[in-house]
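Computed from a predicted structure; not experimentally measured.
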Amino acid sequence: MKERPPLVRMEKVNKWFGSVHALCDVDFEVYEGEVVGLVGDNGAGKSTLIKILAGVYPKDSGKIYWEGREVEINSVSDSRKLGIEAVFQEQALVGCLSVGENVFLGREPLKAVLGMKIVDYPQIWREAQQAVRRLGLDVPVRKEVGFCSGGQQQGVAIARAMYFKSKLLILDEPERALSVAAKRVLQDFVRKLKEENIACIYITHDFHQVFPIADRIVIIDQGRKLLDVPKGSITMEELEEFILQQSLARKEGLLKG
């Protein structure tokens with residue numbers, strides 16, 4: 001995997017929110033077709049990091065390289081043009097619209113009728129059906145997303161990313177509020193992404209969620225990267241012990257302070 005340049009590389013990235021140093025010289029990279037588990041407590045900085053990559057926040061300093069060349073990501077549009085799609089905790093789905101309409105949300109295909117451009121709904125239904133079937137998702141494309149289960153909604157967001165040929169999919173706390181069955185479906189989705197050679201950053205505060213499907217584990221704490229290891233070089237028990245020791249050290253520091 002590491003014989004070629006990473007798909008994306010972030011070097012010495014910093015982000016401040018007022019006086020809060022949310023990210024401190026963070027280096028982060030992802031290779032094509034790789035699943036990276038980005039782990040950390042709430043407020044650790046992991047969501048801030050990927051929102052910079054997704055174009056939601058600007059970085060304050062540092063560099064971002066995409067397929068070996070330096071790029072500037074100043075908007076969600078910039079990020080999508082590179083091939084990055086993000087599914088945040090606050091899913092960018094509209095409950096009153098159909099599955100198909102959500103797959104094409106903001107990028108609806110148009111056709112000319114009587115000299116006017118109108119939304120091509122037959123194309124939406126046809127191609128959205130292919131997109132959800134590709135994931136093995138059993139949901140009618142004309143069904144309102146608001147009536148879909150949590151797992152189905154995650155699937156719709158992922159189907160959208162796959163349809164638009166993303167090279168990197170960011171999943172931010174994707175198992176939140178999902179049933180046990182839906183979590184299994186989601187993990188199957190991530191495995192299918194890997195089969196499609198689509199890289200995935202899987203953000204979670206619970207490493208047990210991502211450990212079974214990750215190729216590499218990265219831990220961020222208080223805006224700093226603490227650990228970056230291939231999954232094969234660490235056991236779940238060792239990872240658990242590392243996180244526990246970091247937590248104890250932080251509490252000790254607070255008590256001394």
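Residues forming a ring pair (Phe, Tyr, Trp, His ring centres under 6.0 Å) with His205 (at least two apart in sequence, or on another chain): none. With sequence neighbours left out, Glu70 forms a side chain to side chain donor-acceptor pair (under 3.5 Å) with no residue at all. For Phe104, the ring pair (Phe, Tyr, Trp, His ring centres under 6.0 Å) partners are Tyr163, Phe164, not counting sequence neighbours. Not counting sequence neighbours, the partners of Glu240 by the side-chain contact (heavy atoms from CB on, under 4.5 Å) test are Phe207, His208. Residues passing the side chain to side chain donor-acceptor pair (under 3.5 Å) test with Lys225, sequence neighbours excluded: Asp228. Residues meeting the side chain to side chain donor-acceptor pair (under 3.5 Å) test with Asp25, sequence neighbours left out: Asn14. Residues forming a ring pair (Phe, Tyr, Trp, His ring centres under 6.0 Å) with Phe211 (at least two apart in sequence, or on another chain): none. Residues passing the side chain to side chain donor-acceptor pair (under 3.5 Å) test with Asp27: none are found, sequence neighbours excluded.
Considering all non-hydrogen atoms of both residues, Leu137 and Gly155 come closest at CD2-C, 3.8 Å. Nearest approach of Trp125 to Gly100, heavy atoms of both residues: CZ3-CA, 4.2 Å. A pairwise comparison of heavy atoms in Arg160 and Val103 identifies CG-O, 2.9 Å as the closest pair. Smallest separation of non-hydrogen atoms from Ile73 and Leu53: CD1-O, 3.5 Å. In plain terms, the two heavy atoms of Leu23 and Gly45 that are nearest each other are CD2-O, 3.4 Å. Taking all atoms of both residues into account, the shortest heavy-atom contact from Leu171 to Cys200 is CD1-SG, 3.8 Å.
Applying the salt bridge (charged side-chain N to carboxylate O under 4.0 Å, His left out) definition to pairs two or more places apart or across chains, those involving residues 76-86 are Arg80-Glu85, Glu85-Arg107. Applying the salt bridge (charged side-chain N to carboxylate O under 4.0 Å, His left out) test to pairs two or more places apart or on separate chains, those with a residue in residues 132-157 are Arg134-Glu196. The stretch residues 50-84 participates, sequence neighbours left out, in these ring-ring contact (aromatic ring centres under 6.0 Å, His included) pairs: Phe17-Tyr57.
Annotation: side chain of Glu241 is in contact with side chain of Gln245 (closest heavy-atom distance under 4.5 Å). Residues Val190 and Tyr202 meet the side-chain proximity criterion, which asks for heavy atoms closer than 4.5 Å.
Formation of a donor-acceptor pair under 3.5 Å by the Asp215 side chain with backbone atoms of Pro230 is not found in this model. Without hydrogens or angle criteria, Gln153 side chain to Val145 main chain gives a donor-acceptor distance under 3.5 Å. Distance alone, capped at 3.5 Å, is enough to place a donor-acceptor pair between the Gln187 side chain and the Gln209 backbone. In this structure, Arg216 contributes its side chain and Glu34 its backbone to no donor-acceptor pair below 3.5 Å. Listed for the Lys15 side chain is a donor-acceptor partner under 3.5 Å among the backbone atoms of Pro58.
Each of Asp206, Ile219, Leu227 was checked for a side chain to side chain contact (heavy atoms under 4.5 Å, CB included) with Val39, and the lone residue meeting it is Ile219.
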Under 3.5 Å, side-chain donor or acceptor atoms of residues 117-124 against the rest of the protein: list the pairs with distances, not counting sequence neighbours.
from: Asp120; atom 1: OD1; to: Gln123; atom 2: N; distance (Å): 3.2
from: Tyr121; atom 1: OH; to: Glu101; atom 2: OE2; distance (Å): 3.4
from: Gln123; atom 1: NE2; to: Glu127; atom 2: OE2; distance (Å): 3.1

Could you go through Met10 and Lys59, starting from their C-alpha distance and side-chain angles, then the distance that decides it, and tell me whether this counts as side chain to side chain contact (heavy atoms under 4.5 Å, CB included)?
CA-CA 10 Å; Met10 304 173 80; Lys59 59 181 170 56; over 6 Å; no
Decide yes or no on side chain to side chain contact (heavy atoms under 4.5 Å, CB included) for Asp221 and Ile243, but give the supporting numbers first.
CA-CA 10 Å; Asp221 184 60; Ile243 292 172; over 6 Å; no
Stepwise side chain to side chain contact (heavy atoms under 4.5 Å, CB included) check, Thr204 with Glu173
CA-CA 5 Å; Thr204 179; Glu173 297 284 358; 3.9 Å; yes
Quick one, Ser166 with Ile198, criterion side chain to side chain contact (heavy atoms under 4.5 Å, CB included). Give me CA distance, side-chain angles, the key distance, then yes/no.
CA-CA 7 Å; Ser166 67; Ile198 296 172; 4.2 Å; yes
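Ile220 and Trp16 fall into different hydrophobic clusters, where Ile, Leu, Val, Met, Phe, Trp and Tyr residues are linked whenever their side-chain heavy atoms come under 4.5 Å apart, directly or through other members.
Atom NZ of Lys111 sits in a crowded spot, with more than 12 heavy atoms from other residues, nucleotides or ligands closer than 6.0 Å.
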